[in-house]
Structure formats: structure tokens, C-alpha cells
Colleague: 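I have a structure here, written as C-alpha cells, and I will follow up with some questions on it.
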Amino acid sequence: MRRTVIAGNWKMNMTPAQTKAFITDLAPMVAGMDKCDIVLCVPYVDIATAVEAAKGTNIKIGAENVHFAESGAYTGEISAAMLCEIGTEYVVIGHSERRQYFGETDETVNLRTKAALKAGLKVILCLGEVKEERLNGITNEVVAMQTKLDLLGISAEEMKNIIIAYEPVWAIGTGLTATPEQADETCGVIRATLAEIYGSEVAESTTIQYGGSMNDANAAELLAKVNVDGGLIGGASLKTDKFTAIVKAAN
Ligand code: PEP
């Protein structure tokens with residue numbers, strides 16, 4: 001009923017030349033693995049090269065952020081229209097590194113999501129608890145509140161173009177992974193929150209990924225869980241063999 005989506009988040013890695021070489025290598029390795037969608041979210045300057053290199057393959061290309069204004073005095077920012085014009089299909093919004101280091105809040109995440117949807121982009125919306133919140137037993141409340149705030153004013157129809165990435169902040173880039181049970185339980189809380197807001201049909205058809213040190217060794221176990229519909233992958237998306245192994249596990 002809902003698509004499994006394996007998405008790489010390259011963060012601030014790879015030049016355009018490296019991007020071309022990577023996708024040229026990856027394309028034959030994942031050819032025919034069509035039981036999941038395969039997305040690479042890459043730095044802005046790599047997008048045009050990535051789109052060109054991915055033509056005719058089953059790899060889709062995304063950005064790592066987008067601004068909420070259509071245009072204007074926002075030095076250093078990139079608009080949704082700019083992304084669309086160069087062939088971008090997806091965009092990551094609300095990644096914890098944006099929230100931690102660049103002052104993103106649930107309010108700006110909500111605004112960016114609305115702007116991306118309006119332009120026709122598919123959104124990978126990231127949320128998740130920090131370590132102290134998990135240790136204090138308030139993970140469920142935190143992710144439910146983030147889900148509600150980040151999706152404020154977004155319609156059931158628009159939810160067709162939203163993927164939620166549950167990313168416990170303590171597991172991102174740390175080598176610590178949520179157990180399959182923790183990932184399943186918290187993705188389930190997000191799904192229950194979607195049911196509260198939109199009803200069960202939207203909740204059951206929304207793709208909810210897990211992200212946080214997913215790799216070739218742990219992907220199969222995480223992806224086997226009923227509420228985990230794919231992965232958002234940082235470090236392991238920078239190696240064609242590891243990323244292919246994750247796509248294979250999803251297939
Ligand atoms: C991420 O960047 O979204 C991520 C999950 O990173 P990593 O896989 O390296 O933990």
C-alpha cells in the first residue's frame with residue numbers, strides 16, 4: 001500500500017565530478033531493484049550533474065533543504081522554483097543538523113515544507129528526539145508534537161507528497177542505531193499521530209522511514225519492521241556497495 005523509499009543524504013560531501021562518477025557506478029548496481037524508490041539527496045551544486053547522470057535509471061534526485069520564500073533578499077538560500085527548474089524531485093526538510101546548527105525550528109520546517117509542496121517537490125520531512133528526551137521517557141510526546149507542528153496547515157491531499165523520516169538525533173552519524181523495536185515503536189507513534197490528524201487512510205499510506213546509522217549490516221532487520229517503510233541514510237550512502245546492499249535489503 002505504501003512505497004518503501006531508500007534515500008541517501010550526502011550532507012556536505014561530493015563534488016560534481018565525484019557525483020557523476022558515483023551515479024555512473026551505482027546505476028548498474030541497483031538496476032531492476034524496483035520494489036523500493038531510490039533517492040539521492042545531494043548538495044545544491046551537485047544536483048544538475050546528478051540529474052543528468054541519473055537519466056534513464058531508477059535513481060531519483062533530491063536536495064538537502066529549500067527556502068520558504070519564492071524569491072527575495074535571502075542571501076545564500078535556494079528557492080523551490082530554482083530546484084524544480086534543474087530537475088530536482090525530492091527535498092529533505094528539517095534534518096537535525098539543520099535544526100541543531102542552523103536554527104531551524106518546527107515553524108521554519110513547516111514553512112519550507114509548504115513552499116516545497118506548492119512548487120511540486122516531494123518532501124522528506126525529518127524529525128526525532130534528542131538523547132535526553134529518550135532517556136527521560138518523553139520520546140513519544142516529542143515526536144507527536146513535532147509531527148503536529150511540522151504538518152500544521154498541510155492537507156490530506158498534500159500528504160501524498162510527504163515522506164516522514166524518523167531520525168533519533170542520538171543515532172545520526174554516531175554509529176548508534178535505534179533497535180528495530182525502538183524504530184518500529186516510534187514510527188508507529190508517528191503513524192498514530194497522522195491518524196489523529198488525517199484519519200487512518202492517510203496514516204496507512206504515508207511512508208515513514210527510519211534514519212540513524214542505518215547500514216548494510218543492520219538494514220534488513222530495521223526494514224523488516226511493519227512501521228519502517230525505508231531509510232534515510234547518511235554515511236552509508238557515500239559508498240556504492242553499502243548503499244546498494246541497503247537497497248537490496250529493501251527489495
Ligand atoms: C542522516 O544524515 O540523515 C543520517 C541518518 O546519517 P547517518 O546514516 O550517517 O547516521
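Here, residue 1 is the first one in the sequence, and each next residue gets the next number. Please read these numbers as outputs of a predicted model, since none were measured by experiment. Note that ligands are numbered from 1 as they come in the structure, with each ligand's atoms numbered from 1 the same way.
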Colleague: Parallel, tilted or perpendicular: which describes the rings of Tyr74 and His67, with under 30° parallel and over 60° perpendicular?
Modeller: tilted
Colleague: Kindly print each ligand 1 N/O atom paired with any protein N/O atom under 3.5 angstrom away, one pair per line, or none if nothing qualifies.
Modeller:
from     : atom 1 : to     : atom 2 : distance (Å)
ligand 1 : 2 (O)  : Asn9   : ND2    : 3.0
ligand 1 : 2 (O)  : Lys11  : NZ     : 2.8
ligand 1 : 2 (O)  : His95  : NE2    : 3.0
ligand 1 : 3 (O)  : His95  : NE2    : 2.9
ligand 1 : 3 (O)  : Glu167 : OE1    : 3.0
ligand 1 : 3 (O)  : Glu167 : OE2    : 2.7
ligand 1 : 6 (O)  : Lys11  : NZ     : 3.3
ligand 1 : 6 (O)  : Gly234 : N      : 3.4
ligand 1 : 8 (O)  : Ser213 : N      : 3.4
ligand 1 : 8 (O)  : Gly234 : N      : 2.8
ligand 1 : 9 (O)  : Gly235 : N      : 2.9
ligand 1 : 10 (O) : Gly173 : N      : 2.7
ligand 1 : 10 (O) : Ser213 : N      : 2.8

Colleague: I'd like to know if Glu89 and Lys122 make a salt bridge, using a cut-off of under 4.0 Å between side-chain N and carboxylate O.
Modeller: yes
Colleague: Is it true that Lys148 and Asp106 make a salt bridge, defined as a side-chain N closer than 4.0 Å to a carboxylate O?
Modeller: no
Colleague: Under 3.5 Å, is there a donor-acceptor pair linking the side chains of Glu157 and Tyr198?
Modeller: no
Colleague: When you measure from the side chain of Arg99 to the backbone of Glu104, do you find a donor-acceptor pair of N or O atoms at a distance under 3.5 Å?
Modeller: no
Colleague: Salt bridge or not between Lys20 and Glu52? Use side-chain N to carboxylate O under 4.0 Å.
Modeller: no
